[in-house]
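Convention: sequence-line order gives letters A, B, ...; per-chain numbering from 1.
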Amino acid sequence: MEKLFLFNTLSRAKEEFIPLETGKAGMYCCGPTVYNFAHIGNLRAYFFEDILKRVLLYNGYDVKHVMNITDVGHLVSDDDEGEDKMEKGASREGKSVWEIAEFYTEAFRNDIAMLNILPPTVYCKATDFIKEQIDMVKCLDDKGFTYKTNDGVYFDTQKFPEYGKLALLDIEGLEEGKRIAFSDEKKHKTDFALWKFSPIDQKRQMEWESPWGTGFPGWHIECSAMSIKFLGSHFDIHCGGVDHIPIHHTNEIAQAEACTGEKFVNYWLHGEFLIEEKGKMSKSAGEFLRLKTLIDKGYSPLDYRYFLLMTHYRKKIKFSFENLDAARNGYHNLKNRIKEIKSAAPQEAKSLSGDALKYKAKFHESINDDLNIGEGLAILWDALKDSALSDADRVLLANEFDKILGLDLNKIEAEKPSEIPEEIIALANKRKEAKTARDFKLADELRQQIKDKGYELLDKKGGEFEIKPL
RNA sequence: GGCGUCGUACCCAAGUGGCUAAGGGAGCAGUCUGCAAAACUGCCAUGCAUCGGUUCGAAUCCGAUCGACGCCUCCA
């Protein structure tokens, strides 16, 4: 098996991937909170995880990919009035929180399917595993890692000496309550809620009984509880966006390791943000770009996938329509070139020749070097332009690389003569005559007529022409 | 205030100590052509934010400066 290197946030270094169990890889990815549509920045994270998963599969691993769906609301802040994102979404749309969750989960599945993101092996909804979450809080409670306040059960981070190791947190330097009203019942600024109580005077749409009182799970417990349920108390890979490093994943490690007494995860991988001119894309700002927005503007979802393929997952990518245009053009040219090669060599290729194998090896090396897809894409371009390779080899390589790229390159079909109506052919022949007679005015008129009827007339060498449906 | 990341051509971007600094887009030129479109071919960074240092050798390591961004509620 080829060596695969991944950048591990824990060590801030590329490390060789060694699975816990030979030939298998367990992977947990933090999924969406289904209170609204995903914006294109959110989708970048799932795209990065898709590349990771495809690279693991390419290397022959049997991948178990688990993703949570956060369908339980988390409070907007510690001191808010009990309204959360889910309930806000529900009241905004006049539906129940359960309906909201169902609707946006479906929208999310559609979005990732359009981007050719392979669906996870397991989708797990937070509300389906409340018992597991309560059990985990109990476990922490029994081991003395918790304390109770008026509004919930908290994790006492001072009892977990390694707290913050993932984020290299300088806890002293954190500004308590910098952007949030701070609960003064918390013993330490980094302590976080494991279980929150429902406000006494209010009936929440989502609340459950627990040994500590009616309420709902804290902000981080679902991921630890569900990842352990599906992948075991110690598993290979956990990923998410970079924003998860200092809080969410830091807290997950604390909870999980305090409860199980084992190392939680071997490799932590984080995807960078997509940013706009004015900075990070966010939903709270109101307007945000969805995949559908791009489609409405005439882009295909795979144009956006190509855009994401152009850079490395650990680098910020700046979104602009100018850059998306560049991606669309590049993708278009790529497909065009493959179509031409396929048209020239319609026969099925059998296996790669020596030179083509070198390209394959280079590609494999690139993607195994911490998912260097930008370099992989360049290798594809080089191969397609290498005249020393046979057409059959080039087609085979494109199909091979597409296992990672996911650009539907294998679906490109050779140009086949389409059925052109007699009427159009007659018009084209008339135009040819006009051209020969150097009556260009008439020739242009005829070409326009053909265009109006939905066909494009292209001139070829020697006065020949080609008709294509528009 | 603390912590973290980044700065490679007009745009996106790979390269993180040693071969002419990948690739894509845009642009320009050419082939073809009455014109157009498409396609193909060629050109496009003696330099990698700036200034110092280490080294036989630096885009790559170190330091300083400037600039951009992220995190310290929730968030991909």
With a non-hydrogen cut-off below 4.0 angstrom, is [X] in contact with a base, only sugar-phosphate, or nothing?
X: A:F48; result: nothing
X: A:H248; result: nothing
X: A:E49; result: nothing
X: A:R328; result: nothing
X: A:H312; result: sugar-phosphate

Strand partner of [N], provided both Watson-Crick or wobble distances fall under 3.5 Å:
N: B:rU16; answer: none
N: B:rC43; answer: B:rG27
N: B:rU55; answer: none
N: B:rA38; answer: none
N: B:rG70; answer: B:rC3
N: B:rA49; answer: B:rU65
N: B:rC32; answer: none

Atom pair distance, as rounded to whole Å: [atom1] in [X] and [atom2] in [N]:
X: A:F321; N: B:rA26; atom1: CZ; atom2: P; value: 18 Å
X: A:Q448; N: B:rA37; atom1: CD; atom2: P; value: 14 Å
X: A:K316; N: B:rU8; atom1: NZ; atom2: P; value: 13 Å
X: A:D370; N: B:rA14; atom1: CG; atom2: P; value: 12 Å
X: A:I341; N: B:rC40; atom1: CD1; atom2: P; value: 10 Å
X: A:F363; N: B:rA22; atom1: CZ; atom2: C1'; value: 15 Å
X: A:K441; N: B:rA36; atom1: NZ; atom2: P; value: 19 Å
X: A:I275; N: B:rC12; atom1: CD1; atom2: P; value: 10 Å

Rounded to whole angstrom, note down the [atom1] distance from [N] over to [M].
N: B:rG2; M: B:rU55; atom1: P; answer: 33 Å
N: B:rG25; M: B:rC40; atom1: P; answer: 10 Å
N: B:rC10; M: B:rC43; atom1: C1'; answer: 15 Å
N: B:rC69; M: B:rU31; atom1: C1'; answer: 46 Å
N: B:rU65; M: B:rG4; atom1: P; answer: 16 Å
N: B:rA14; M: B:rA59; atom1: C1'; answer: 12 Å
N: B:rA9; M: B:rG42; atom1: P; answer: 24 Å
N: B:rG18; M: B:rC12; atom1: C1'; answer: 28 Å

So, OP1 or OP2 of [N]: does either fall under 4.0 Å of a side-chain N or O from [X]?
X: A:K318; N: B:rC12; value: yes
X: A:R337; N: B:rC40; value: yes
X: A:N372; N: B:rG15; value: yes
X: A:N42; N: B:rA76; value: yes
X: A:T311; N: B:rA14; value: yes

Would you indicate which nucleotide in [options] comes nearest to any side-chain atom of [X]?
X: A:K315; options: B:rA39, B:rC74, B:rG7; answer: B:rG7
X: A:F440; options: B:rA76, B:rG34, B:rC12; answer: B:rG34
X: A:R431; options: B:rA39, B:rG34, B:rA76; answer: B:rG34

Do we see a donor-acceptor contact under 3.5 Å between the side chains of [X] and [Y]?
X: A:Y104; Y: A:D71; answer: no
X: A:D393; Y: A:Y359; answer: no
X: A:T9; Y: A:H270; answer: yes
X: A:N8; Y: A:S11; answer: no
X: A:E400; Y: A:Y58; answer: yes
X: A:Y313; Y: A:D370; answer: yes
X: A:T70; Y: A:N68; answer: yes

Inset, instruction - Tell me whether the centres of the aromatic rings in A:F103 and A:Y35 are closer together than 6.0 Å. - result: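 Centroid separation for A:F103 and A:Y35: 6.0 Å or greater.
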
Inset, instruction - Could you walk me through whether A:N372 and A:S366 pass the side chain to side chain donor-acceptor pair (under 3.5 Å) test, one step at a time? - result: CA-CA 5 Å; A:N372 194 339; A:S366 293; 5.6 Å; no

Can you check nucleotides 23-25 of chain B for protein contacts, nitrogen or oxygen pairs under 3.5 Å, and list what you find?
| residue | atom | partner | partner atom | Å |
| --- | --- | --- | --- | --- |
| B:rG24 | OP1 | A:K385 | NZ | 2.5 |
| B:rG25 | OP1 | A:N333 | ND2 | 2.4 |
| B:rG25 | O3' | A:N329 | ND2 | 3.3 |

Inset, instruction - Could you list by number each residue of residues 235-243 of chain A showing a heavy-atom separation from RNA chain B of less than 4.0 Å, or answer none if no residue does? - result: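 Those residues whose heavy atoms fall under 4.0 Å from RNA chain B, taken from residues 235-243 of chain A in numerical order, are A:G240, A:G241, A:D243.
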
Legend entry - A:K14 vs A:G31, nearer the 5' end of RNA chain B by closest nucleotide: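 Closer to the 5' end of RNA chain B: A:K14.
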
Legend entry - With A:M27, the side-chain contact (heavy atoms from CB on, under 4.5 Å) member among A:M67, A:K53, A:H238: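 Going through A:M67, A:K53, A:H238 one by one, the side-chain contact (heavy atoms from CB on, under 4.5 Å) with A:M27 is satisfied by A:K53 alone.
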
Inset, instruction - Output the distance between atom OH (A:Y306) and atom CG (A:N333), rounded to the nearest 0.5 Å. - result: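 Going from OH on A:Y306 over to CG on A:N333, the span is 8.0 Å.
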
Inset, instruction - Would you please test A:D369 and A:K14 for salt bridge (Lys or Arg N to Asp or Glu O under 4.0 Å) and show each step? - result: CA-CA 8 Å; A:D369 179 15; A:K14 283 184 201 172; 2.8 Å; yes

Inset, instruction - Could you tell me whether A:E272 and A:R314 have a side-chain N and a carboxylate O separated by less than 4.0 Å? - result: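 No, no charged N to carboxylate O under 4.0 Å.
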
Legend entry - Polar pair under 3.5 Å, donor/acceptor by atom type, side chain A:R314, base B:rC6: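 No such pair is found, so the answer is no.
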
